[in-house]
Enquirer: 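I'd like to ask some things about the structure below.
Within every chain, numbering begins at 1; the chains are lettered A, B, ... in the order of the sequence lines, protein sequences first and strands thereafter.
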Number of protein chains: 2
Amino acid sequence: METKDAVLALAALAQESRLAVFRLLVRNAPEGLTAGLIGEQLEMPAPTLSFHLKTLAQAGLVSMVQEGRYVRYRAVLAGVDALVAFLKEDCCRGNPKRCSTKGSS
Amino acid sequence: METKDAVLALAALAQESRLAVFRLLVRNAPEGLTAGLIGEQLEMPAPTLSFHLKTLAQAGLVSMVQEGRYVRYRAVLAGVDALVAFLKEDCCRGNPKRCSTKGSS
DNA sequence: CCGTCATTTCCATATTATTGGAATAATGGA
DNA sequence: TCCATTATTCCAATAATATGGAAATGACGG
């Protein structure tokens, strides 16, 4: 992962509305939800939601699939893992014992 | 963790300069670095760096300790873990098997 | 105290993001 | 084909953020 991608993903999540959308999709993984259902759950106007979904998709954090008249969105959980790996890259110069808490990447 | 805290932390990282600062501190955990050394490594003007360090500190992602004339900054690695836990909260409605990749929180 | 060094605050500028109404597409059923 | 439904694009007002020079703060050594 490159810095540019990480900033894109972090910026996508660093916004109340989008964070709510993403977390809703995480809860509803792996089936996902249609745009309409998301808007209904979060009481968000369609254009606003569309804008945010596009941002999340461009950041690689959600995937979209056309299903007839609907578009189904899904959280890309691997995106979060990639982000964390990037953040902790070469943590403690590779002395994992000195690194805190749980030993993710 | 509350939504507000998560947005604060994500926004702190969602910026190229700050992301660079944080990752530098992660690499140099757990000792940390003084403000001056960070600015030197990243070739960043002092006021700009100070602004970004303050933002990271307010987000709970770095800690600061006065050391004589210097101020030492350290990455708070647990902050990242808390963030991930929040993002993946109730993932797949608690069906961890259906959740992807590695089984963090 | 006084000078020096490390860091922060002040401030103005430039840039970028969020929001939702109205209009526009795209799909499928009758 | 025509209509109802679903979702997106267009656009403009509003708000928030990043940047760095100059000045101010704070800490230590002499």
Enquirer: Any side-chain heavy atom of L25(A) within less than 4.5 Å of one from I38(A)?
Expert: yes

Enquirer: Could you tell me whether a side-chain N or O of E89(B) sits under 3.5 Å from a main-chain N or O of C91(B), the two making a donor and an acceptor?
Expert: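 Not confirmed, E89(B) side chain does not pair with C91(B) backbone.
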
Enquirer: Evaluate the side-chain contact (heavy atoms from CB on, under 4.5 Å) criterion for residues R18(A) and L13(A): first the C-alpha distance (whole Å), next the side-chain angles of each, then the deciding distance (0.1 Å), finally the verdict.
Expert: CA-CA 6 Å; R18(A) 276 194 301 267; L13(A) 294 172; over 6 Å; no

Enquirer: If an axis is fit to five pairs at each end of the helix from dC1(C)-dG30(D) to dA30(C)-dT1(D), what is the angle between the two, to the nearest 10°?
Expert: 30°

Enquirer: Remember a base hit wins even if backbone is also touched, and classify R72(B) as base, sugar-phosphate or nothing at under 4.0 Å, heavy atoms.
Expert: nothing

Enquirer: Is any side-chain N or O of H52(B) closer than 4.0 Å to OP1 or OP2 of dT17(D)?
Expert: no

Enquirer: In terms of the nearest nucleotide of DNA chain C, which residue is placed more toward the 5' end: R18(A) or S50(B)?
Expert: S50(B)

Enquirer: Just checking A46(A): base, sugar-phosphate only, or nothing, at a heavy-atom cut-off of under 4.0 Å?
Expert: base

Enquirer: Counting distance only, does the side-chain N/O of R74(A) pair as donor-acceptor with the main-chain N or O of P30(A) below 3.5 Å?
Expert: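 Indeed, once roles are kept as given, a pair shorter than 3.5 Å links the two residues.
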
Enquirer: Looking for any heavy atom pair under 4.0 Å, which part of the strands does P45(A) touch: base, sugar-phosphate only, or nothing?
Expert: sugar-phosphate

Enquirer: For N28(A), does its backbone N or O pair with a side-chain atom of R93(B) as donor and acceptor, under 3.5 Å?
Expert: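 Absent.
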
Enquirer: Under 4.0 Å from OP1 or OP2 of dA6(C): is there any side-chain N or O of Y73(B) that close?
Expert: no

Enquirer: Tell me if a side-chain donor or acceptor on R72(A) pairs with a main-chain N or O of A35(A) at a distance below 3.5 Å.
Expert: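 Checking the backbone N and O of A35(A) against the side chain of R72(A), no donor-acceptor pair under 3.5 Å is found.
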
Enquirer: If you find the nucleotide of DNA chain C closest to S17(A) and the one closest to L49(B), which residue's nucleotide is nearer the 5' end?
Expert: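 It is L49(B) whose nearest nucleotide is closer to the 5' end.
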
Enquirer: Counting heavy atoms from C-beta on, name the nucleotide in dT19(C), dA7(D), dT7(C) closest to the side chain of Q15(A).
Expert: dT19(C)

Enquirer: With a cut-off of less than 4.0 Å, is there a side-chain N or O of T48(B) near OP1 or OP2 of dG20(D)?
Expert: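 Yes.
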
